[in-house]
Asker: 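Got a structure for you, written out below as structure tokens; questions coming shortly.
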Protein chains: 4
Amino acid sequence: MTTDHRNEPENHRTRVGKQRRERTRQKIVEAALRVFARMGTDSPMIEDFIAEASISRGTFYNHFNTTAELLQATVEWLSADIMESIETELGTQDNALLRLTVGLRFWLGKAEQDPTWAAFVARPEFIKELQFEPVRRDLRQGQQAGLFHFPSEHVAFDLLAGTLILAMRSYVDGQVPADYTNAIIRVVLQGLGVSEANINLALAQPQPSMRRPPVSMPSC
Amino acid sequence: MTTDHRNEPENHRTRVGKQRRERTRQKIVEAALRVFARMGTDSPMIEDFIAEASISRGTFYNHFNTTAELLQATVEWLSADIMESIETELGTQDNALLRLTVGLRFWLGKAEQDPTWAAFVARPEFIKELQFEPVRRDLRQGQQAGLFHFPSEHVAFDLLAGTLILAMRSYVDGQVPADYTNAIIRVVLQGLGVSEANINLALAQPQPSMRRPPVSMPSC
Amino acid sequence: MTTDHRNEPENHRTRVGKQRRERTRQKIVEAALRVFARMGTDSPMIEDFIAEASISRGTFYNHFNTTAELLQATVEWLSADIMESIETELGTQDNALLRLTVGLRFWLGKAEQDPTWAAFVARPEFIKELQFEPVRRDLRQGQQAGLFHFPSEHVAFDLLAGTLILAMRSYVDGQVPADYTNAIIRVVLQGLGVSEANINLALAQPQPSMRRPPVSMPSC
Amino acid sequence: MTTDHRNEPENHRTRVGKQRRERTRQKIVEAALRVFARMGTDSPMIEDFIAEASISRGTFYNHFNTTAELLQATVEWLSADIMESIETELGTQDNALLRLTVGLRFWLGKAEQDPTWAAFVARPEFIKELQFEPVRRDLRQGQQAGLFHFPSEHVAFDLLAGTLILAMRSYVDGQVPADYTNAIIRVVLQGLGVSEANINLALAQPQPSMRRPPVSMPSC
DNA sequence: AATGAATGAGGATTCATTCAT
DNA sequence: GATGAATGAATCCTCATTCAT
């Protein structure tokens with residue numbers, strides 16, 4: 001029943017240290033997203049990351065060895081973050097068509113609201129790297145349910161993702177016509193072989209709330 | 001009108017010199033395409049270009065001052081080359097639907113045949129830089145002719161170009177299912193609002209010949 | 001003379017603390033020997049020492065301020081250790097020739113048994129740093145006794161120590177011929193001007209026991 | 001029979017370029033020897049080499065990728081240089097004993113004359129790396145001729161080279177007694193089993209001239 | 001026009017040292 | 001006394017650019 005008091009503070013120290021380390025890492029990743037969004041994935045130098053994260057050179061290298069490693073970590077964090085946001089948005093919705101519609105609206109809404117973020121995520125490498133399993137599942141289910149009509153899941157995904165990328169970049173470039181989001185959703189659904197009636201039904205859905213603040217803004 | 005015979009050999013030398021210069025420049029540009037395709041547009045250094053083109057540093061700078069300038073020249077050459085190829089392919093065809101179908105088939109066929117070329121071309125920056133006026137014109141004409149049904153030309157172009165980019169990258173990544181090209185054309189035409197009957201008609205068209213050799217192969 | 005009982009537990013704690021401190025210090029020094037043997041005296045970084053000793057950076061600095069200080073401590077420990085071992089080996093032997101022979105055999109035997117140790121010890125800086133007073137005394141006494149014939153003690157020491165260093169490194173490099181130790185002793189004694197008869201006598205001595213375990217093996 | 005005049009200047013350019021490159025490389029190596037001699041093999045930084053050689057950082061890296069590579073090149077050059085000097089010294093002498101004596105005198109004379117040079121070469125790694133084939137050949141021939149008596153060539157070399165190293169370091173440390181060189185040669189020859197009479201004969205040889213300037217002095 | 005050795009500013013990386021827990 | 005995350009000065013290394021031949 002007695003506790004070795006020499007050990008207790010050690011465990012505590014260890015735990016506190018790990019927490020600090022983890023917080024620093026997260027700070028770097030969030031700063032990196034802003035830097036990548038602002039400068040692209042090739043231009044930024046270590047200096048940019050450490051200035052944005054307010055850390056020292058040494059600390060950067062304690063956590064990441066190369067810019068590529070940091071980019072990878074940033075993509076992974078962002079991906080988890082996006083997926084979680086969409087799942088929250090979707091709640092218990094289980095109709096594949098409506099799920100996809102909400103998802104598309106989320107991405108486009110976010111691109112409109114936070115173009116720097118969009119400039120970062122709207123690249124084929126990024127979109128292909130994340131495999132978007134939930135999206136693929138919705139495509140399969142919708143096809144089986146007779147809501148969609150396309151030759152193969154592969155083709156359907158390329159249509160959906162490719163159009164989404166260029167659409168998000170249209171927001172980045174500015175100058176999108178009114179009601180652009182609905183128009184994009186309409187042609188994508190057409191492309192997936194959704195009937196006119198179902199398209200109108202899907203577009204009549206209430207819009208997602210988009211409460212979360214842009215991630216690409218400095219949090220201070 | 002009289003000829004100074006001291007000038008004649010100079011004119012000759014001048015002409016020969018210009019031809020040689022032009023040949024060197026073209027050699028650099030073609031090598032650059034392979035390098036950009038392999039390494040992206042940011043990573044390659046001067047060293048990569050001169051090694052691929054088998055020229056010296058000095059010669060490189062005789063033709064281009066920066067990597068960006070070389071990239072620009074590469075894009076321009078490629079763009080002119082593509083457009084010319086497609087126009088040759090199209091001949092006098094004036095049906096917007098059939099023109100677009102042939103165009104799509106050309107891009108995808110070329111991607112299949114020459115993935116290195118596709119790896120360079122299939123990026124949003126590139127596709128957005130070329131404004132593809134002929135494509136936009138076909139979209140407008142097809143819409144007016146009642147062949148297409150989409151909310152706006154802007155949206156139609158994003159669907160067409162975005163899907164094309166990801167489809168070409170699918171060829172780059174390898175592992176595309178059989179009949180992938182036809183499947184892509186089908187969903188794109190669906191997305192543009194083409195009727196089932198017209199889609200089948202367009203897909204029944206004879207295929208373009210694709211005689212030209214891959215540009216991304218070293219010519220030696 | 002009275003005892004303050006408030007002090008007693010402190011004395012105990014103090015004593016225990018000092019023992020613990022001493023054990024940690026010794027652990028660092030033994031680890032350092034292995035590191036120096038493996039990497040030389042200039043290359044290793046703090047990281048190498050703390051990894052080998054399984055301690056933290058902070059602990060290292062609690063005991064040593066610089067790498068040079070640690071090297072010094074390692075040399076001193078090793079030196080005392082060697083001298084003590086040889087004295088044990090020699091017992092009460094007082095014939096200079098036999099003492100030197102036993103000493104040489106000890107060094108070479110240890111080099112054969114523990115090449116890591118030898119890799120560290122067999123360097124001129126180390127050998128010159130230890131002044132080997134007992135060895136020099138034996139050289140003088142043997143010379144006076146007419147056993148040795150050399151021009152000066154300085155020269156005799158350079159011959160003895162230089163040959164020993166390269167011989168030990170031969171063990172480090174592996175691939176020594178059979179009976180290498182005896183051969184080395186023979187040429188060294190020849191060099192010191194010992195008569196053929198006395199050399200044979202010295203080589204006929206019983207061998208030292210070499211009971212002690214290699215110091216360069218991790219003790220855990 | 002006609003010459004393509006476009007090629008001639010190219011060949012000339014190429015040749016001139018290569019010569020310049022080679023001269024630069026040699027300049028770096030000679031500077032490196034002075035730096036290594038002055039600072040040891042671990043302390044010097046790139047800055048030291050380029051300052052001593054009066055070249056730019058970039059040029060350094062055009063020729064050597066690491067300090068270790070430069071050290072290697074320096075050792076190789078030095079080794080060739082020493083061997084050549086000794087061969088010049090020896091002329092047509094073919095008596096193994098006299099050859100070895102001249103060689104020892106050369107090394108020790110050079111160490112006395114140029115201690116910085118000696119500080120660099122007098123290290124076991126260096127001496128063991130060069131295999132000194134001519135020296136080993138002399139040892140074998142002398143043994144066969146009955147001039148030497150030692151148990152094995154391996155042992156004889158370790159005696160010779162080990163004693164030489166410590167002797168050279170004695171010059172580096174200063175404070176060597178008068179006639180130290182002859183004393184060293186005497187004990188080494190004793191160690192190799194040369195008879196008293198032959199030793200005296202060898203020591204009576206005329207001394208080498210040592211005309212060449214110290215290599216470790218800046219040549220400007 | 002072509003060549004390639006040399007340059008050095010700009011940026012990447014290391015590692016001894018500190019210090020809050 | 002022990003811990004290890006954080007620090008930043010010191011040093012390494014790259015690569016666009018120049019220029020004599």
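Quick note on labels: first sequence line is chain A, next is B, and so on, each numbered from 1.
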Asker: Reading DNA chain E from 5' onward, which residue's closest nucleotide shows up sooner: Arg25(D) or Gly58(B)?
Answerer: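 In this pair, the answer is Gly58(B).
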Asker: Name the stems that DNA chain F belongs to, where each is three or more consecutive Watson-Crick or G-U pairs with both distances under 3.5 Å?
Answerer: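 Output for stems: E:2-21 with F:2-21.
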Asker: Under the side chain to side chain donor-acceptor pair (under 3.5 Å) rule, what do Glu30(B) and Gln26(B) come out as? Steps first, then yes or no, please.
Answerer: CA-CA 6 Å; Glu30(B) 294 186 17; Gln26(B) 188 55 27; 3.1 Å; yes
Asker: For Asp42(A), which residues count as a side chain to side chain contact (heavy atoms under 4.5 Å, CB included) partner, sequence neighbours excluded?
Answerer: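 Here the qualifying residues are Asp42(B), Ser43(B).
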Asker: For Glu76(D), what residues pass the side chain to side chain donor-acceptor pair (under 3.5 Å) criterion, not counting sequence neighbours?
Answerer: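 Side chain to side chain donor-acceptor pair (under 3.5 Å) list for Glu76(D), sorted by chain: Gln72(D).
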Asker: Roughly how many Å is it from CD in Glu69(D) to C1' in dC12(F), rounded to a whole number?
Answerer: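 Checked: the CD to C1' distance equals 15 Å.
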Asker: Please determine whether a side-chain nitrogen or oxygen atom of Thr59(A) lies at a distance below 4.0 Å from atom OP1 or OP2 of dT7(F).
Answerer: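 It does, given that an N or O in the side chain of Thr59(A) lies less than 4.0 Å from OP1 or OP2 of dT7(F).
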Asker: Run the side chain to side chain donor-acceptor pair (under 3.5 Å) test against Glu47(B) and tell me which residues pass, sequence neighbours left out.
Answerer: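 For Glu47(B), the residues satisfying side chain to side chain donor-acceptor pair (under 3.5 Å) (neighbours in sequence not counted) are Arg57(B).
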Asker: Roughly how many Å is it from NZ in Lys18(D) to C1' in dA5(E), rounded to a whole number?
Answerer: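 Rounding to the nearest Å, NZ of Lys18(D) and C1' of dA5(E) are 13 Å apart.
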Asker: Would you say a side-chain N or O of His63(B) is under 4.0 Å from OP1 or OP2 of dA1(E)?
Answerer: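 No.
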Asker: So, using salt bridge (charged side-chain N to carboxylate O under 4.0 Å, His left out) as the criterion, who are the partners of Arg38(D) when residues are at least two apart?
Answerer: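 Scan of Arg38(D) (salt bridge (charged side-chain N to carboxylate O under 4.0 Å, His left out), adjacent residues dropped) gives Glu52(D).
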Asker: Does Asn62(A) make a side-chain donor-acceptor contact with the base of dA6(F), cut-off 3.5 Å?
Answerer: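 In this structure, the two groups form a donor-acceptor pair.
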Asker: Report the residues that fulfil side chain to side chain donor-acceptor pair (under 3.5 Å) with Arg21(A), sequence neighbours left out, ordered by chain and then residue number.
Answerer: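 For Arg21(A) there are no side chain to side chain donor-acceptor pair (under 3.5 Å) partners, ignoring immediate neighbours.
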Asker: Without decimals, in angstroms, what is the distance between Phe60(C) CZ and dC19(E) C1'?
Answerer: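 It works out to 17 Å between those atoms.
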Asker: Just to be sure I understand the rule, does Arg20(A) reach a base, reach only the sugar-phosphate, or reach nothing, if contact means heavy atoms closer than 4.0 Å?
Answerer: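 Counting heavy atoms under 4.0 Å across all strands, the contact made by Arg20(A) is with sugar-phosphate only.
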Asker: What integer distance in Å separates Leu70(A):CG from dT13(E):C1'?
Answerer: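 Whole-Å distance recorded here is 16 Å.
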Asker: Quick one: ring pair (Phe, Tyr, Trp, His ring centres under 6.0 Å) pairs with a partner in residues 53-74 of chain A, sequence neighbours left out?
Answerer: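 Ring pair (Phe, Tyr, Trp, His ring centres under 6.0 Å) check on residues 53-74 of chain A returns no pairs.
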Asker: Calculate the interatomic distance between Tyr61(B) atom OH and dA6(E) atom P; express it in whole Å.
Answerer: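 It is 18 Å, rounded to the nearest whole Å.
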Asker: Indicate the atoms forming the closest heavy-atom contact of Ala53(B) with Ile28(B), along with that distance.
Answerer: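 Reported closest heavy-atom pair: CB-CA, 4.2 Å.
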Asker: Using the test salt bridge (charged side-chain N to carboxylate O under 4.0 Å, His left out), find all partners of Glu125(C) that sit at least two apart in sequence or belong to another chain.
Answerer: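 Listed in chain order: Arg169(D).
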Asker: What integer distance in Å separates Asn65(D):CG from dC15(F):P?
Answerer: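 Going from Asn65(D) (CG) to dC15(F) (P), I get 13 Å.
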Asker: Reckon Thr24(A) has a side-chain N or O less than 4.0 Å from the OP1 or OP2 of dA5(F)?
Answerer: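 False: Thr24(A) side-chain N/O out of range (4.0 Å or more) of dA5(F) OP1/OP2.
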Asker: Near DNA chain E, counting only heavy atoms under 4.0 Å, which residues of residues 40-48 of chain C show up?
Answerer: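 Close to the strand are Met45(C), Ile46(C).
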Asker: For Arg21(D) and for Thr67(C), locate the closest nucleotide of DNA chain E by heavy-atom distance; then report the residue assigned to the nucleotide nearer the 5' terminus.
Answerer: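 Taking each residue's closest nucleotide, the earlier one in sequence belongs to Arg21(D).
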Asker: So, OP1 or OP2 of dG4(E): does either fall under 4.0 Å of a side-chain N or O from Ser56(B)?
Answerer: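 The answer is no; no side-chain N or O of Ser56(B) sits under 4.0 Å from OP1 or OP2.
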Asker: Using the ring centroid of each side chain, check whether Phe49(A) and Phe36(A) are separated by less than 6.0 Å.
Answerer: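 For Phe49(A) and Phe36(A), the ring centres are under 6.0 Å apart.
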Asker: What is the separation between atom CZ on Phe64(D) and atom C1' on dC12(F), rounded to the nearest whole Å?
Answerer: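 So the CZ-C1' distance, Phe64(D) to dC12(F), works out to 17 Å.
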Asker: Whole angstroms only, please: what is the CZ-P distance between Phe49(C) and dT17(E)?
Answerer: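 Rounding to the nearest Å, CZ of Phe49(C) and P of dT17(E) are 12 Å apart.
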Asker: Any side-chain N or O of Arg57(C) below 4.0 angstrom from OP1/OP2 of dT3(F)?
Answerer: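 For dT3(F), OP1/OP2 do not have a side-chain N/O of Arg57(C) under 4.0 Å.
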